[in-house]
Number of protein chains: 2
Amino acid sequence: MKNIVRLCIFDTVTRNCKFINKYRMPERHSGVLDVSVDNVIFGFDENILKVLVIERKPFPDEKKGMSAIPGDLVYPKESLDEAAARVLKDLTSLEGLFLKQFHTFGNPNRVKDLKDQEWLTNFRLNPERRVITIAYYSLIKMDEYQLLPSYFAEKAEWVDVLEVPDLAFDHNEIVSKALEALRQGLDKEQIGFELLPEKFTLTQLQNLYEIILNKKFDKRNFRKNIKKMEHVVPLNEKQEGVLHKPAQLFKFEKAV
Amino acid sequence: MKNIVRLCIFDTVTRNCKFINKYRMPERHSGVLDVSVDNVIFGFDENILKVLVIERKPFPDEKKGMSAIPGDLVYPKESLDEAAARVLKDLTSLEGLFLKQFHTFGNPNRVKDLKDQEWLTNFRLNPERRVITIAYYSLIKMDEYQLLPSYFAEKAEWVDVLEVPDLAFDHNEIVSKALEALRQGLDKEQIGFELLPEKFTLTQLQNLYEIILNKKFDKRNFRKNIKKMEHVVPLNEKQEGVLHKPAQLFKFEKAV
DNA sequence: TATACTTAGTGTAAAAATAACACTTATTAA
DNA sequence: TTAATAAGTGTTATTTTTACACTAAGTATA
């Protein structure tokens, strides 16, 4: 126990001193890191796969916000999954959505490299501290979502996944790794279930696959494969309001 | 910039005061986390897949060490990959080995839940702080490795992957997720390359696949598949010192 | 009410991949 | 010379994948 020392933390503004017992780390050890989660939110809209990009609220005396992937520091009492779900809920008011951790980014300069350090305060980040971020991707149905202003986002908007603008930090890299992870998981996870409206046509489903994988499929072969998936079930309903032969509607059935 | 305050850190032992400029986080934000890397090291030995388990050096006044996966806090200036490589090098003196990040574990209680809190100091951890760990797995050829005593490990030993003993924290969970990730990556990554000796027989290669995937293969079909892989190339050499028909030797050729 | 337009929906045959299966060969030791 | 051991090798049946083009159902309009 000889490595525990008593420290006084004195705040020169409030003039308060708080004593703490602190374990003294070997010099080289860290303990000067912040940990955040970032959440790449995918939505599918007819023929385009979109990503949710936010503009941070500018602080009162600042001119403009800055674009980024939604994220926040992890709170002391919550798990990483909970933190990612919280960010998602603040923005969309939706809970229980699909969320998948795919990579952790921790380059020591990922924050400091930023040219305009003023922007950092925009993100409530201390420019002196290193930030490690655990990245998640999540999937939401466009017909369900409703973008909310949140305490960390001035505005949120959907952008085409192939035309993501320049983002803060290494967020462009994070988005492209998320897309890779999404492609990997397409067959394994219940991804169609998460991205399509409740009732959908087989053409919509095929579109989803083609756009995510950036690859064309043969219509007949695709449908043969779908028939084998017992979680895609036909409804006794047809598409309405289209000016051509209406397609049969299908739904997903959750596995038991 | 009004969120930056000047703090004095006063060490009651050395009687020194250090002033720092500190960004004041919103109350709910963290900044009280430690970040570590843990490294599940797989080695393959003829017919067994093994994992490297260390016993921490007991502190002078403590009786026994404790078993765990090798890991360490991340240093301020190094990337996560570098931290994982450093842990690996300290233990084996090998550099440039295969390393893959597979998951980040951050349950808020993964450290505090430990019953015997005394053990924590054994790991140089402050029991008051939450620890998030980025987990890697790595692969080494058993015929190359040489276990070294390191500053954090009293002794290191290989254990059968199916008979891993009880480990500290959530390290058993980490090992089983690592095995899952290894199985996933078996075909994609150059895993055989990393686990077999330089020259190997097709039976050894088949063994490796069967043990990692826990599944039997037909000898002839397996060999047909290997013939398609242009990175597995036959040598003009045969096995020596065996009391049966000697097998042809093969090597891996790195892709261009 | 016929026609033009649009997307939905469907089957078959060839090719490729996978799975199942058993005997002969090369070497060493006794 | 023989016994023991693991190496090495081909064929056939089955399944999966690929390639390919026309008819059907509905809407709008002339």
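The backbone N or O of A:Phe105 sits nowhere less than 3.5 Å from a side-chain atom of A:Thr133 that would complete a donor-acceptor pair. A donor-acceptor pair under 3.5 Å is absent between the side-chain atoms of B:Lys215 and the main chain of B:Tyr209, judged by distance alone. The backbone N or O of B:Thr201 sits less than 3.5 Å from a side-chain atom of B:Gln204, completing a donor-acceptor pair. The main-chain N or O of B:Asn47 is never found under 3.5 Å from a side-chain atom of B:Asn207 such that the two would form a donor-acceptor pair. In this structure a side-chain-to-backbone donor-acceptor pair under 3.5 Å is present from B:Gln206 to B:Phe217.
When B:Val74, B:Asp81, B:Leu80 are each tested for a side-chain contact (heavy atoms from CB on, under 4.5 Å) with B:Glu78, only one passes: B:Val74.
Between B:Phe222 atom CZ and D:dA7 atom P the separation is 13 Å, expressed in whole Å. Atom CG of B:Leu243 and atom C1' of D:dA3 are 12 Å apart (whole Å). The distance between atom NZ of A:Lys245 and atom P of D:dA28, rounded to the nearest whole Å, is 18 Å. A straight line from CG of B:Leu205 to P of D:dA7 spans 13 Å, rounded to a whole angstrom. The nearest whole Å value for the distance from the CG atom in B:Asn47 to the P atom in D:dA6 is 11 Å.
Side-chain atoms of B:Phe222 and B:Leu205, non-hydrogen and from C-beta on, do get closer than 4.5 Å to each other.
Nucleotides of DNA chain C with any atom under 4.0 Å from a heavy atom of chain A span, from 5' to 3', C:dT6 to C:dT12.
The residue among A:Leu202 and B:Gly241 whose nearest nucleotide of DNA chain C is located toward the 5' end is A:Leu202.
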Does the protein touch nucleotides 9-19 of chain D at the base, only the backbone, or not at all? Give it as B, S and - per nucleotide, heavy atoms under 4.0 Å.
BBB-----SBB
Mind listing the side-chain donor-acceptor pairs of residues 227-247 of chain A below 3.5 Å, one per line with the distance, residues two or more places apart or on another chain?
unit_1   : atom_1 : unit_2   : atom_2 : d
A:Lys228 : NZ     : A:Asn225 : OD1    : 3.4
A:Glu237 : OE1    : A:Lys199 : NZ     : 3.1
A:Glu237 : OE2    : A:Lys199 : NZ     : 2.9
A:Gln239 : OE1    : A:Ala247 : N      : 2.9

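A:Thr201 comes within 4.0 angstrom of no nucleic acid atom, judged by non-hydrogen atoms across all strands.
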